[in-house]
Number of protein chains: 2
Amino acid sequence: MDIKEIEGFLKFNKIKPSHHRLKIYEYLVKSKNHPTADLLYRELVNEIPTLSKTTVYNTLNLFVEKGAAQLITIDESENRYDADMSIHGHFKCKDCGKVFDFPLNFAAIDMGGLQNFQVEENHIYLKGLCNECQAHKKK
Amino acid sequence: MDIKEIEGFLKFNKIKPSHHRLKIYEYLVKSKNHPTADLLYRELVNEIPTLSKTTVYNTLNLFVEKGAAQLITIDESENRYDADMSIHGHFKCKDCGKVFDFPLNFAAIDMGGLQNFQVEENHIYLKGLCNECQAHKKK
DNA sequence: AAATATATTGTAACGATTACAACTTTTATA
DNA sequence: TATAAAAGTTGTAATCGTTACAATATATTT
Ligand SMILES: [Mn+2]
Ligand SMILES: [Mn+2]
Ligand SMILES: [Zn+2]
Ligand SMILES: [Zn+2]
């Protein structure tokens, strides 16, 4: 996904593609690491020295509003963001803190129980130990 | 579930059942409304005028540590708590803000995709409009 | 009863996020 | 192109949920 595609995608979502917005969206798409606003700021401020944290917050809120990114509340004190709007689950390692994607058959979940609720968003969060951290523990 | 059962349950989880702890746990069990620390405080401070908010936070953290309650991160700015440790999903209405339980067949989720992750917790959060709020909208 | 451990309190600090007004850049209008 | 209006960005201060901490109160042990 190159910068032209990202520009097109933002426009498609009625977001005016300013330089900052392009860079922030590009980071989300390419890193796939579900960053917090603070991490995004720290990662981009070298490349964009004039960047302010408020712009990062404004931009992420705009992306969520316009449906170009989703807010991930897997953490208890910080919000994370994801440009991948497809239905998928998130796994957070309690040791290293990384958040991983995993595929999800959503049809298997959305059954019976919820009586007449009109579902607009789904968030599947698992927590435990990732592959790598399990290996460390064994030693 | 009467107060004696609650006392026994706290003891079983290695939590010394002080008066405050009993009342807080009782509220969680009986209200089933997945309260925030602040709501819990406001609901109990009339009955326990000496209650402090710090105690509410301390107590909820203790419950989670000891496995007597679970932390629910369905909100983006406030933590909620649930004494129901069984596997079930949560639905949050975007209109009225209420958080509802719904039954869940977890086996359907934990499939393939997550490669060698050791799962210790699962959180299934759906959002949308509850029954009642859909009715209001129609008018 | 005295000593020790545990629980609770009130206040201050912290950290993530937002509010807001000033400033800059882009877009529209004349 | 010059001017005005709109949109984007910035830095700082404020807000709000949560935690740190030291003082006090209560419970448990000696
Ligand atoms: Mn993801
Ligand atoms: Mn519940
Ligand atoms: Zn890990
Ligand atoms: Zn509702």
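Basis for what follows: all heavy atoms, side chains included, without hydrogens, waters or symmetry-related copies. Proteins come first, then strands; the chains are lettered A, B, ... in the order of their sequence lines, and each starts at number 1.
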For the hydrophobic clusters of this structure (ILVMFWY residues joined by side-chain heavy atoms under 4.5 Å, transitively), does one cluster hold both A/I48 and A/L28?
yes

Classify every nucleotide of nucleotides 5-10 of chain C by which part a protein heavy atom approaches to under 4.0 Å, writing B for the base, S for the sugar-phosphate alone and - for neither, in 5'-to-3' order.
-SSSBB

Starting from P on D/dT15, measure out to CG on B/D38 and report it in whole angstrom.
17 Å

Distance check needed: D/dG17 P versus B/E76 CD, whole Å only.
13 Å

Quick one, B/L10 and B/Y25 - any side-chain contact, counting heavy atoms below 4.5 Å?
yes

In whole angstroms, how far is the P atom of D/dA27 from the CG atom of B/L22?
13 Å

Which part of the nucleic acid does A/S77 contact within heavy-atom distance under 4.0 Å: base, sugar-phosphate only, or nothing?
sugar-phosphate

Aromatic contact, B/Y81 with B/F63 (centres under 6.0 Å)
no

Identify which one of A/R80, A/H123, A/E121 satisfies the side-chain contact (heavy atoms from CB on, under 4.5 Å) criterion when paired with A/Q70.
A/H123

With respect to the phosphate group of C/dT17, does any side-chain polar atom (N or O) of A/Y57 fall under 4.0 Å of OP1 or OP2?
yes

Please give, in whole Å, the distance from D/dG17 P to B/Y41 OH?
14 Å

Within 6.0 angstrom of A/K66 NZ, more than 12 heavy atoms from elsewhere:
no

Rounded to the nearest angstrom, tell me the gap between atom CG in A/L39 and atom C1' in C/dA16.
14 Å

Expressed in angstrom and rounded to an integer, what is the separation of A/E78 atom CD from C/dC14 atom P?
17 Å

A/L71 CG to C/dA16 C1', in whole Å, measures 13 Å

So, is A/N79 near the phosphate of C/dT17, with a side-chain N or O under 4.0 Å from OP1 or OP2?
yes

